[in-house]
Amino acid sequence: MAEEQIKKRIDLPNEWSEDDLRQAFVLINNIIVERTRNNISSTGKRFPNYSKSYSQSLEFELAGKSRTDPNLTLTGNMLESIQLLEVGTGYIIIGYEAGTEENDKAVWAERENGEENKRGPARKFLGLQDFELEQVIAEINLTRADSAGQDGNDINSNLNDVNTIVQDQFINSIINNTKLGD
Amino acid sequence: MNDFEDKLAKQLEQTLKDILSEKNLEKIAQDIVDQIVLRTKLGKGVSQAEGPEKPLEKLSTSYKKQRKSLQSKGKLHETTTPTRSNLTQTGEMLDSIRYKINGEEITIYIEGEFNNKKANWQVDQKRSFLNISSVQKKRLINLINTQIQAAFKKNWGK
């Protein structure tokens with residue numbers, strides 16, 4: 001059964017533009033992925049190790065994982081498909097596309113310990129600690145300061161444009177370039 | 001163009017050069033190949049570009065018996081079981097997935113006539129596995145966005 005869509009609101013400065021907020025998402029996403037890969041939860045605590053039964057599965061072995069390296073990465077799909085779901089004045093909402101396998105996996109990791117029919121410890125990862133949020137705000141404020149007085153021709157707006165161009169041209173060309181035959 | 005615009009244009013150009021450098025494209029391409037191999041070994045395929053990752057079509061009963069026999073002779077690859085549909089018997093076909101880079105273009109393909117025959121047969125059996133899935137596209141977008149930001153940050157202060 002598909003789980004409810006998982007999403008988190010992150011409050012950011014009201015005066016930021018949409019481009020600033022979009023670039024903040026790139027930073028936030030990176031922080032969450034890096035931290036989780038280092039076994040650390042969104043509360044700053046180390047994730048509990050994986051269970052013995054999970055660590056003995058063929059999937060676990062195929063992915064070359066270790067029981068004592070709980071980084072929520074079997075294929076990497078869940079961790080690396082966090083999306084920017086909404087941009088509003090002074091906030092963004094991050095999370096997963098509803099109805100996807102990655103969303104269901106994230107719901108499982110983010111559950112409350114002791115939830116009915118859900119054994120094993122939760123491993124919360126989707127969110128920021130206070131100091132991480134401060135780091136994001138400081139970084140975006142730096143690019144805002146550098147762009148001050150440039151009449152919209154600012155750094156974050158240009159970075160978003162580059163993202164779109166690369167996405168449209170480069171990524172789509174890879175997608176259309178998988179084929180049988182050498 | 002004022003000084004700021006001039007500097008910004010130069011930095012964005014340099015950022016794009018960094019992202020589309022052969023070294024970085026090789027890293028991205030190898031990552032895509034690794035994702036396809038692992039996904040397939042875990043028993044999932046993708047029937048069309050940007051489609052969802054779904055379990056591969058199950059194996060026939062007769063083929064499962066054949067695989068059991070191969071296993072007893074030590075001829076079934078260690079990363080599979082007789083009943084597991086993951087396009088792995090000897091492991092050679094998945095090992096033959098390659099990439100090539102031509103300018104700013106990455107192509108993912110299968111090397112060798114025999115491996116291509118096997119792959120085509122699997123596709124005919126509704127076990128497509130070489131396509132880039134929707135989730136892989138998201139991963140690529142996230143990776144590129146992060147790389148663009150990091151490359152720009154590295155270049156901007158110079």
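In what follows, chains carry the letters A, B, and so on, assigned in the order in which the sequence lines appear, proteins first and then strands, with residues in each chain numbered from 1.
With A:Glu59 as the fixed residue, the salt bridge (charged side-chain N to carboxylate O under 4.0 Å, His left out) test singles out one of B:Arg84, B:Lys41, B:Arg39: B:Arg84.
Counting non-hydrogen atoms of neighbouring residues, nucleotides and ligands closer than 6.0 angstrom, the NZ atom of A:Lys7 reaches no more than 12 such neighbours. Open room surrounds CZ on B:Phe114; 12 or fewer heavy atoms of other groups in view lie less than 6.0 Å from it.
Taking A:Leu79, A:Ile175, A:Asn176 one by one and counting their heavy-atom pairs under 4.5 Å with chain B, the maximum is reached by A:Ile175. In terms of non-hydrogen atom pairs under 4.5 Å with chain B, the most contact-rich of A:Glu97, A:Gln83, A:Glu61 is A:Gln83. Ranked by heavy-atom pairs under 4.5 Å with chain B, the first of A:Gly76, A:Gly64, A:Ser173 is A:Gly76. Of all the listed residues (A:Asp161, A:Asn30, A:Leu58), the one sharing the greatest number of non-hydrogen pairs under 4.5 Å with chain B is A:Leu58.
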Between A:Glu101 and B:Lys44, is the side chain to side chain contact (heavy atoms under 4.5 Å, CB included) condition met? List the steps.
CA-CA 12 Å; A:Glu101 188 182 345; B:Lys44 287 192 175 166; 2.5 Å; yes
Between B:Lys138 and A:Glu102, does a salt bridge (Lys or Arg N to Asp or Glu O under 4.0 Å) hold up when you go through it step by step?
CA-CA 11 Å; B:Lys138 278 182 217 157; A:Glu102 289 69 43; 5.0 Å; no
Evaluate the side chain to side chain contact (heavy atoms under 4.5 Å, CB included) criterion for residues A:Thr100 and B:Val135: first the C-alpha distance (whole Å), next the side-chain angles of each, then the deciding distance (0.1 Å), finally the verdict.
CA-CA 9 Å; A:Thr100 59; B:Val135 77; over 6 Å; no
Checking side chain to side chain contact (heavy atoms under 4.5 Å, CB included) for the pair A:Gln150/B:Leu8: CA distance, chi angles, key distance, verdict?
CA-CA 11 Å; A:Gln150 297 301 325; B:Leu8 186 56; over 6 Å; no
Hey, mind stepping through A:Asn77 and B:Glu53 against side chain to side chain contact (heavy atoms under 4.5 Å, CB included) and telling me if it holds?
CA-CA 11 Å; A:Asn77 281 352; B:Glu53 299 182 356; 3.0 Å; yes
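For the atom pair OG1 of A:Thr178 and CG of B:Asn131, the computed distance is 5.0 Å after rounding to the nearest 0.5 Å. To the nearest 0.5 angstrom, A:Glu80 atom CD is 10.0 Å from B:Leu140 atom CG. Rounding to the nearest 0.5 angstrom, the gap separating the CD1 atom in A:Ile174 from the CD1 atom in B:Ile144 is 6.5 Å. A distance of 6.0 Å separates CG of B:Leu20 from CZ of A:Phe170, quoted to the nearest 0.5 Å. A distance of 5.5 Å separates CG in A:Leu62 from CG in B:Leu42, rounded to the nearest 0.5 Å.
A:Gln169 does not touch chain B: none of its heavy atoms, backbone or side chain, sits under 4.5 Å away. Heavy atoms closer than 4.5 Å to chain A are found in the side chain of B:Ile28, but not in its backbone. Only the side chain of A:Val166 has a heavy atom closer than 4.5 Å to any heavy atom of chain B. Of the atoms belonging to A:Ser147, heavy atoms from both backbone and side chain fall under 4.5 Å from chain B. Heavy-atom distances place the side chain of B:Leu16, and not its backbone, under 4.5 Å from chain A. Proximity to chain B is limited to the backbone of A:Ile82, based on heavy atoms less than 4.5 angstrom apart. Within the 4.5 angstrom heavy-atom criterion, atoms from both the backbone and the side chain of A:Asn163 approach chain B. Both the backbone and the side chain of B:Leu130 come within contact range of chain A, each with at least one heavy atom under 4.5 Å from a heavy atom of that chain.
Under the 4.5 Å side-chain criterion, counting only non-hydrogen atoms from C-beta, B:Lys137 is in contact with A:Asn172. Counting heavy atoms from C-beta outward, B:Phe4 and A:Ile155 have side chains that approach closer than 4.5 Å. Residues A:Lys179 and B:Thr107 are in side-chain contact: their nearest non-hydrogen atoms beyond the backbone lie under 4.5 Å apart. Between B:Asn142 and A:Phe25, some side-chain heavy-atom pair lies under the 4.5 Å cut-off.
Linking ILVMFWY residues whenever their side-chain heavy atoms come closer than 4.5 Å, directly or via other members, leaves A:Tyr96 and A:Leu85 in distinct clusters. The same ILVMFWY cluster, assembled from side-chain heavy atoms under 4.5 Å apart, contains both A:Leu27 and A:Leu133. The same ILVMFWY cluster, assembled from side-chain heavy atoms under 4.5 Å apart, contains both A:Leu128 and A:Leu84. Under the 4.5 Å side-chain heavy-atom criterion for ILVMFWY residues, a single connected hydrophobic cluster contains both A:Val87 and A:Leu12.
At distances below 3.5 Å, at least one donor-acceptor pair connects side-chain atoms of B:Gln149 with backbone N or O atoms of A:Gln23.
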